[in-house]
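Data first, discussion second: the structure below is written as structure tokens.
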Amino acid sequence: MPNVGDVIAAVTKNVIGKEAALKHHFCVCDQTHQYLYVCSRQYTDDFPLDLEDCPGLDLETSYVSLSRVLFCPSFKSPALTCHVSSAYLKALFDHVTTSKVMSPRDKTKIIVGLAPHLPKPPREKVW
């Protein structure tokens, strides 16, 4: 199964206007199987995902869609496209916390899923 920060390519039936399609999915919670679509076009509040962050994508810049959180308990033969850095996860986390588009429920799903995977702040020395 994919881990938080993995971008996978998999066929999904959870597509508007088609019976099924090969789509990229960004794993935001591996415990509850929550994903965000990775899209070729940017809509309001979507977060950029560049080739530098995810070398397996086709476009110079794709976008992590914040329009809805997907529940995908299983995929048939998912292919790992990339795994993003902890710095990218932190930037996405910060972006989600300020999103004006997402419902509070979807925001919470993403924040709870990403939080354990964020870089830990340096501890202050106590003398």
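All values derive from a computational prediction rather than experimental measurement.
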Under 4.5 Å between side-chain heavy atoms, counting indirect links through other Ile/Leu/Val/Met/Phe/Trp/Tyr residues: same cluster for [X] and [Y] or not?
| X | Y | answer |
| --- | --- | --- |
| Leu80 | Phe75 | yes |
| Tyr35 | Val69 | no |
| Tyr37 | Val4 | no |
| Val11 | Ile8 | no |
| Leu89 | Met102 | yes |

Does Gln34 reach the main-chain N or O of Thr32 with its side chain, forming a donor-acceptor pair under 3.5 Å?
-> yes

What's the separation between atom [atom1] in [X] and atom [atom2] in [Y], rounded to the nearest 0.5 Å?
| X | Y | atom1 | atom2 | value |
| --- | --- | --- | --- | --- |
| Leu66 | Cys39 | CG | SG | 10.0 Å |
| Asp53 | Ser62 | CG | OG | 10.5 Å |
| Ser65 | Lys23 | OG | NZ | 8.5 Å |
| Lys109 | Leu70 | NZ | CG | 9.5 Å |
| Glu52 | Leu57 | CD | CG | 13.0 Å |

Heavy atoms, side chains only, cut-off 4.5 Å: are [X] and [Y] in contact?
| X | Y | answer |
| --- | --- | --- |
| Leu92 | Phe26 | yes |
| Phe47 | Leu36 | no |
| Val96 | Ile110 | yes |
| Val64 | His95 | no |

What's the shortest heavy-atom distance between Leu22 and Ala9, and which atoms?
-> CD1-C, 4.0 Å

Shortest non-hydrogen contact from Pro73 to Met1?
-> O-CE, 3.7 Å

So Val7 and Val38, side-chain contact (heavy atoms from CB on, under 4.5 Å) or not? Walk me through it.
-> CA-CA 8 Å; Val7 176; Val38 176; 4.2 Å; yes

Please name all residues satisfying side chain to side chain contact (heavy atoms under 4.5 Å, CB included) with Ser40, sequence neighbours left out, ordered by chain then number.
-> Leu59

Among Asp45, Asp106, Thr44, whose side chain to side chain donor-acceptor pair (under 3.5 Å) with Ser99 holds?
-> Asp45

Pairs in or reaching into residues 78-88: which pass side chain to side chain donor-acceptor pair (under 3.5 Å), with residues at least two apart or in two chains?
-> Asp6-His83, His24-Thr81

